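Just so it is clear, the structure is predicted and the values come from calculations on it, not from any experiment. Numbers restart at 1 for each chain; the letters A, B, ... are given by sequence-line order, proteins then strands.
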Amino acid sequence: MQELQELAKKLLSEGRVQVVIGYEAGAHGVRPAFVTDAADCGRLIFDPRCVHNLAVYLSPRRSPVKRLGKPAVVVKGCDAKAVAGLLRESQIKRDDVVLIGVRCSGVLADPRSGATLTGETVADKCILCDLHEPTLVDHLVGELRPPLPDMPRVSRRDLMLERISAMSPAERWAFWQAEFSRCTRCYACRQTCPLCFCEQCVADKSQPQWLETSPHPRGNLAWHVIRAMHLAGRCVDCGECERACPAEIPLGLLYRKVAQIVEARFKHRPTEDPEVPSPIGKYSLDDEQEFIL
Amino acid sequence: MNIYQPHLARVEELVEETPDTRTLRLTFKDPRVAEQFTFKAGQFAEYSVFGAGECTFCIASPPTRRDYVECSFKTVGKVTTALRGVNVGDTIGLRGPYGNWFPLDQMSGKNVVFIAGGIGLAPVRCVIWNVLDEREKYKDVTIIYGARSVSDLVYKRELEQWAGRSDVKLWQTVDPGGETPEWKGEIGFVPTIVEKAAPSAKDTFAVVCGPPIMIKFTLPVLQKLGFPDENIYTTLENRMKCGLGKCGRCNIGPVYVCKDGPVFTAAQLKALPAEY
Amino acid sequence: MSETYLTTSNLLGLAGDLLTAGTQVIAPAQDAEPLVGPPQSGPRVAYRVIRKPEEMALEAGMPANSLKEFFLPSTEPLLKWRYQKNDVELKEVETTFQPRVVLGARPCDSAALEILDRVMGWDYRDELWFGRREATTVVNLACPGEDDLCFCTTVGSGPDSVRGADMLLVPSGDGYFVEVLTPKGEALVTAHRERFSQVEKGRAEAEQFRKEAKAKVDRNLNASPERIAGWLAGHFEHPFWDKLALQCHGCGACAAVCPTCHCFDIVDEPEGVLGGTRRRNWDTCQTSKFTVHASGHNPRTNQNVRFRQRIMHKFFIYPERFEQVLCTGCGRCARVCPGGMDLLDVLAELEELAGTEATPSKGAA
Amino acid sequence: MSTATTAQQKPQAEPLADPGLKPGVAEGFEPKIIAFVCNWCTYTGADLAGTSRIQMAPNVRMIRLPCTGRIDPLFVIKAFERGADGVIVSGCHPADCHYAVGNYHARRRFAIFRDLLEFLGIEPDRLTFSWVSASEGKKWSEVVNDATQRVKKLGPFAAYQSLVDK
């Protein structure tokens, strides 16, 4: 923690950045912090409650943040993959941001619970994590703790996906209809997603009105299908959409499934290498086409 | 009938005002509605193109003419694009009237100066005709109207009528570069022409409508001419959905434009936060 | 109006009687275990229409949703149209509703109904809102104080508030001390006389419960809405607003769970070629789309001013207009915010500003 | 310059679906199938099928697009929303795309889309993908007949059509 605070202080006082975007402990839990004064760096923390993917604040559309000046941002492995996504898709330039990588052994599924990090309380994405030490970064701080002794071997989502795959189409339909029925189209999933950076979302376009904005089952299904398609091969599994959803729709399940489809078909996994093209942005002559007559 | 239910109205006539602006003349399908529908100059309505939605415009015809209701619109968004596809004989929806109005009672016995830019003439036209239909009630009537170019002037037939009247002083202007060889009016921005026309502020009300930039530069001119802010009226157009003070969209600070407006004095406007 | 007592088993029985009689019952209920979350996060508790009395989960914590959706649904038809050549046929929606009962409403949720009555009845009466209001009997359950994000006592409500309720249950012994508040409440008791005790009892225990709950919530926030409103009136422009919303994502999660956020959109949705439905949907001032004109002009260009609008509407605009704070202190917005925006923090800061800055900088009317 | 006018006739949209469609397997159910096809291969192939007078099921309404690469999954969703029981997406064979690679991109997108819809509980038989060249009139008729048969077997897409009460 001290290492992080000192680095932030150095970056700010040397004028290399004008704001450090990190985490601080608020009165009711950890929240994103925007430190612009070197004297305030003592606020910065990093612990298993720091679930937020701060890469979302790098979007060029975040004008209040952008106005603060050049940022340094604290990134976990999963967050670094999101930064790579922004680089890959030309949303930001590498030189316009300083990346402070933190070694991460996992974060809490429910950061407000006050629980300690165990195999029970760990976020599902961390069970699948392949990047505890981001390398896309300019600085790497913190220390890697030993793996959790009771870390589950299999992701809870993957187990659930197996169960869903075993269902009949009608059962799967009923399952997702029940989940989507709670959606009120608040778009928290979209707004917290670092890769949902479109200037104008297709859901906000009215000429033509492709997506119905009403949160009825028809509109909700279309929204979630199309968002999943737009994130296919781009989602980095940071879990923010699911965390943000006030209706507790298991969006992580949907996006994990899409990731599985993409990996099975195109051998692509989310990566922090911005040079690896997005699987949906390229093609191969030998792509499987067993489904095409 | 619940408050969101529109009346059905038939499109009786279409007038192409400019390449992107049209005026529709509407009559209510239900004679009882036609009988009961009354409004005051400055009020607005919600017009429906079923399938595209509702949009908000002032009523552009004067309340002194009760056989029909007119609206003028510029094709910019989804609903106005759909409205452009509407033909004579088609049915659209209309609910209203909503909001407040210009204080014609106060203006009676006084001079009135109308200043408008572009499509901003629509709400002003409603007041102009109201005043002209009861011409004896008012003293001098001055109209200063400008648009970007000659082809952007709306209500051209009526401008000709006003120009021909001895009891109306009409100044027409187009922005520099917007004139045609035949153009006989002024050339210059509306605030400049207001300065040139220099209407007397004594016992005079001003009604100003147009793009925000025009209003911004016209108000100081009027001030210089001696108009107190309380005698300058304008209308605001915020995005609205319900028009009924419910949907929360048209707030400017503590003001609901749909209920407390759309007509405001310059004095009221100055007290508002700059969120319009 | 009157007081009585209801045992826990009689409350279940009452729910059963109502259901048997075909009355819709809305109550906090538990959904299945979370599908993928960690086990300790537990089942989701939410108000919903129940089918069996046992589904009620009155002690399982604060429902994730507010009661709002049962009076102002997240989407509802306003009318249906159908084209016939040049003509249009309109079908009105029904504005009368079947009777129903809410059992176990949180006081912060029922209070919102009373608050929203003002805007819904202001000048034009929203028949869809009042149709549902009139058809619904609201039975409040006094709340023990959920957690450190509750601040109902600060905004003119309280864990045992009866605002918007027809009846109040206060936990006492193995049941509830009952206050019957309105003719609708009286009618419910009369219709189910046998479920309610003939003798008044449990008052002392109920008093104790209420006192403790109030004390618990009182600790969470020290602020005065009146003083804050006074400050807000004169500080539309202030550096406070500039840094406030940095972490705000501009999503509508806060508005979606808020019992008092009532802004809505109206959309036309064609179904088939000739017909379709006009619907009203929840909307929120937190999105850029909310105020953007068709021309592209947007009076609220960035998130700071959008968040300011949220605060202004709740703590200045609405009180100014309707003499009610547009907030019931339920704390849901702070619980769900993915950016960690914390309304209690904001109010505490505003309270401090109001205390230190007596003179307005730039006035709003 | 102002002209009072009765304005020009606006073009009437071709009906996508009968608004009165009732869910539930009906006797002699004839599915509505929307085909999104590319301009260069499949559309021409279908044209050939027509001019060659090849008999095929009359259940398919075609929507012509420049390329399969232009066919957004949104189109498919919209077709279902407006009452389609099945959808066909068809374009040029690999290596034959008029725009060189549009169909390769489409192939990736639709592979994911198809698997995703299956995961959400939509029977894969409601979606048909094919490569039909300009010379394959016969193949087009087979694709149409095959898709129609499979959708017939599944019945009307009542699940989708009942998502919002009419």
Side-chain angles (χ1 to χ4, degrees), chain A residues 161 164-165 167-177 179-181 202 208-212 214 216-226 228-233 253-254 256-262 264-266 268 278-293, chain D residues 68-69 72-78 80-82 88-91 93-95 97 100-132 136 139-140 142-144 146-147 154 157 159-165:
Chain A
L161 286 177
I164 296 176
S165 302
M167 292 178 179
S168 71
E171 287 169 331
R172 280 201 292 276
W173 177 266
F175 170 84
W176 282 109
Q177 283 305 315
E179 296 297 333
F180 291 155
S181 72
V202 67
Q209 184 98 46
W210 280 113
L211 283 170
E212 290 179 312
S214 298
H216 48 47
R218 197 176 60 207
N220 289 349
L221 178 64
W223 162 245
H224 290 288
V225 168
I226 292 308
M229 280 307 294
H230 285 194
L231 282 161
L253 208 54
L254 184 61
R256 175 71 187 140
K257 176 64 189 183
V258 175
Q260 284 181 353
I261 295 169
V262 170
R265 285 195 175 268
F266 311 121
H268 175 92
S278 158
I280 205 92
K282 60 169 190 171
Y283 63 89
S284 159
L285 296 179
D286 339 304
D287 282 339
E288 291 284 338
Q289 54 171 25
E290 84 295 342
F291 65 98
I292 303 179
L293 297 177
Chain D
T68 41
D72 193 308
L74 270 167
F75 300 176
V76 177
I77 294 292
K78 207 67 185 171
F80 286 139
E81 281 182 358
R82 293 290 179 94
I88 297 173
V89 173
S90 184
H93 284 274
C97 178
V101 297
N103 54 356
Y104 290 126
H105 284 288
R107 184 166 68 182
R108 286 212 153 188
R109 200 179 305 145
F110 283 104
I112 300 168
F113 187 54
R114 185 181 174 279
D115 291 357
L116 174 63
L117 291 192
E118 188 175 359
F119 176 64
L120 294 173
I122 294 178
E123 300 95 340
D125 273 351
R126 295 208 183 268
L127 274 167
T128 301
F129 299 88
S130 62
W131 303 137
V132 174
E136 292 177 321
K139 181 174 177 189
W140 175 248
E142 287 161 11
V143 168
V144 165
D146 179 62
L154 289 169
F157 203 171
Y160 215 118
Q161 285 146 19
S162 64
L163 282 184
V164 179
D165 294 333

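With a 4.5 angstrom heavy-atom cutoff, A:S284 touches chain D via backbone and side-chain atoms both. Interface residue A:W176: only side-chain heavy atoms are found under 4.5 Å from chain D. Only the side chain of A:L161 comes within less than 4.5 Å of a heavy atom in chain D; its backbone stays farther off. Proximity to chain D is limited to the side chain of A:I226, based on heavy atoms less than 4.5 angstrom apart. Using a 4.5 Å cut-off between heavy atoms, D:L117 touches chain A through its side chain atoms alone. Residue contact with chain D, scored on non-hydrogen atoms closer than 4.5 Å, involves the backbone and the side chain of A:V225 alike. Using a 4.5 Å cut-off between heavy atoms, D:I77 contacts chain A through its side chain alone, with no backbone atom that close. Contact annotation for D:P73: both backbone and side-chain heavy atoms come within less than 4.5 Å of a heavy atom of chain A. Only the side chain of A:L221 comes within less than 4.5 Å of a heavy atom of chain D; its backbone N, CA, C and O stay farther away. No part of A:E171 comes within reach of chain D, as not one of its non-hydrogen atoms sits under 4.5 angstrom from that chain. If you measure heavy-atom distances from A:Q260 to chain D, you find no contacts under 4.5 Å at all. Heavy atoms closer than 4.5 Å to chain D are found in both the backbone and the side chain of A:A222. Heavy atoms of A:F175 lying under 4.5 Å from chain D are absent altogether.
The two residues D:A95 and D:N103 come nearest to each other via the heavy atoms N-ND2, 4.3 Å. Minimum interatomic distance between D:F80 and D:F157 (heavy atoms only, all atoms of both residues): CD2-CD1, 3.6 Å. Looking at every heavy atom in both residues, A:I292 comes nearest to D:S130 through CG2-CA, 3.6 Å. Counting all heavy atoms, side chain and backbone alike, A:I261 lies closest to D:L116 at CD1-N, 3.8 Å. Nearest heavy-atom pair, D:A106 versus D:T68, reported as atom, atom and distance to 0.1 Å: CB-O, 3.5 Å.
Of all the listed residues (A:A174, A:G233, A:P169), the one sharing the greatest number of non-hydrogen pairs under 4.5 Å with chain D is A:P169. Of the listed residues A:A228, A:G219, A:P279, the one with more heavy-atom pairs under 4.5 angstrom with chain D than any other is A:P279. Ranked by heavy-atom pairs under 4.5 Å with chain D, the list A:E212, A:H216, A:K257 is led by A:K257. With chain D as partner, the option from A:Q177, A:M229, A:M167 having the largest number of non-hydrogen pairs under 4.5 angstrom is A:M229. The candidate from D:A111, D:S90, D:P124 with the greatest count of non-hydrogen atom pairs under 4.5 Å with chain A is D:A111.
In this structure, A:R218 is not positioned above the aromatic face of D:Y160 in the sense of NZ or CZ being under 6.0 Å from the six-membered ring centre and within 45° of the axis.
Ring-plane geometry between A:Y283 and D:H105 is classed as perpendicular, the angle between the planes exceeding 60 degrees on a 0 to 90 degree scale with a lower cut at 30.
Residue pairs meeting the side chain to side chain donor-acceptor pair (under 3.5 Å) criterion with at least one member in residues 110-122 of chain D, sequence neighbours excluded, are A:R265-D:D115.
A:E179 and A:H224 share no donor-acceptor pair across their side chains, judged by distance under 3.5 Å alone. In the model, D:W131 has no side-chain atom that pairs as donor or acceptor with a side-chain atom of D:E136 under 3.5 Å.
Under the ring-ring contact (aromatic ring centres under 6.0 Å, His included) criterion, A:F266 pairs with no residue, sequence neighbours left out.
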